[in-house]
Amino acid sequence: MSNYYDSHDGAPADDVGQPQTEHGMSRRQLIRHAGWFGGAVVLTVASGEVISHIADSRDTNAGAAAAAVAAGNGALRFVQVSDSHIGFQGPANMDVAGSFTAAINQVNSLGFRPDFVMHSGDLTHLSTAGQFDQVKQMMTGMQTDRVFTVPGEHDSIGDAGRTYRRTFGMGTLGDGWYSFDTHGVHFIALVNTLSLEKLGHLGNEQIDFVRKDLAGLPSDTPIVVFSHIPLFAMYPQWGWSTDDALKVIALLRRFSSVTCLNGHVHQLFTKTEGNITFHSATTTAYPLPKPGRAAAPTPQVVPARQLKDALGIRSVGYRQGDRELAIKDQRLA
Ligand SMILES: [Fe+2]
Ligand SMILES: [Fe+2]
C-alpha cells in the first residue's frame, strides 16, 4: 500500500526532527500499528452488506484484529479530521474549502461507514458566523451517524468561543467539553484553546469534570481523549503543549489503555508515555513547520504535489478486548 506516511518519501510522519527520532513511531511500528489497514482489503457486497477481508497482513496478531475490525463484527470505526481552517486565504492553500471537500469525499469512500467523525478543531480560520455555517454545512455531507467537534484557538477569536458553541456546542458542558461512550470505549472531548496567554490550558473546572467523569469507570475501560492542542509537550516554545495537562494525565494513569488524539500542529506525530499514547493529526488546510525548524509556526508554502502529501485524514479502529487502537493516517487522495 502506498498511501501510508512513511520514512522514505519526505512525508510528515518521520521527518519531525529529534523528538520524532526519540519518541516518534518508526515506519515499522506504524505499519504494525496500522496492521489491519495494511493488507489489501477485498470488499464483497452480499445482500446489500459490505463484507471486507484482509487479504494480506504483515503481522498475525494485528492481522487477526485487523480482520475483525475491517469486517465490522461489532468493532468500532471512526474518523478524525482536523484543522480545516475554512476561511483561510493565502498562498499556503488557495482553496481550503476544496481541500476539505476532498477530505470529506475520502471519508465517504473509505469502504465502511464510520461510527462517527471527530473534527479536532480549527474548523474555521477566523471564527466568523459565515465560516461556522459553511463548515457545518460541509460536514453534513459526511456519511456517518454522528459528527463531533472540539474547538481550536481559531474557533474562538474575539468572542471566547461563543459562536463556536452556538454552532457546535449543543449538549456540551462548561466551555464546550463533554464525554460519551460507544462500543465499550469511553471518549472525552476537551477544550484547551480558550486561554490566549497560556495557549493549551484546561482550567480547574474542566479538570474537575474529568475527575468526576472518570471516577466510576473500571480501570480496564479503554479511554480516548480528544483535544485541539496536544496534551503532551510537543513543542512548548510554540504553545504546542497544555500547561495543566499533567493533572488530567494523572487521572488517566490507572487505565490500562489511553489514547489522546489532537490537532493544531498540522503534522503527524506519535509518542507513548507509559499507558498513554498521543497522536497528533495532520490538517486538511496547510502544513506548519516541524518543531523549531522555523522562526514561528506559520503556514508553509510548498509545491502543489507536496501540499497534497501534507494533508490527510485518519481512520481509527478498535475491537473490544484489544489494548490498542488501530490507527491509519492517509494522505489526501
Ligand atoms: Fe490549525
Ligand atoms: Fe490550532
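Scope of the values below: all heavy atoms of this structure, side chains included, with no hydrogens, waters or symmetry mates. Every number for a ligand or one of its atoms is a count from 1 in the order of the listing.
The Fe ion (ligand 1) has no N, O or S atom of His264 under 2.8 Å away, backbone or side chain. At a cut-off of 2.8 Å, Glu153 is not counted among the residues with an N, O or S atom near the Fe ion (ligand 1). The Fe ion (ligand 1) lies at 2.8 Å or more from every N, O or S atom belonging to His228.
Taking the six-membered ring where tryptophan is involved, the planes of Phe100 and His119 are perpendicular, since the angle between them exceeds 60° and thus also 30°. Aromatic ring orientation, Phe187 versus Phe226: parallel (interplanar angle below 30°, classes split at 30° and 60°). Taking the six-membered ring for Trp and thresholds of 30 and 60 degrees, Phe232 and Phe269 have nearly parallel ring planes, at less than 30 degrees apart.
Closest to the Fe ion (ligand 1) among the N, O or S atoms of His85 is NE2. Note on Asp122: its N/O/S atom closest to the Fe ion (ligand 2) is OD2.
Rounded to 10°, the angle formed at the Fe ion (ligand 1) by NE2 of His266 and OD2 of Asp83 is 90°.
Residues Asp208 and Arg211 are paired through a salt bridge, judged by an N-O separation under 4.0 Å between the basic side chain and the carboxylate.
Thr124 and Tyr164 are not linked by any side-chain donor-acceptor pair at a separation below 3.5 angstrom, with hydrogens and angles left out of the test.
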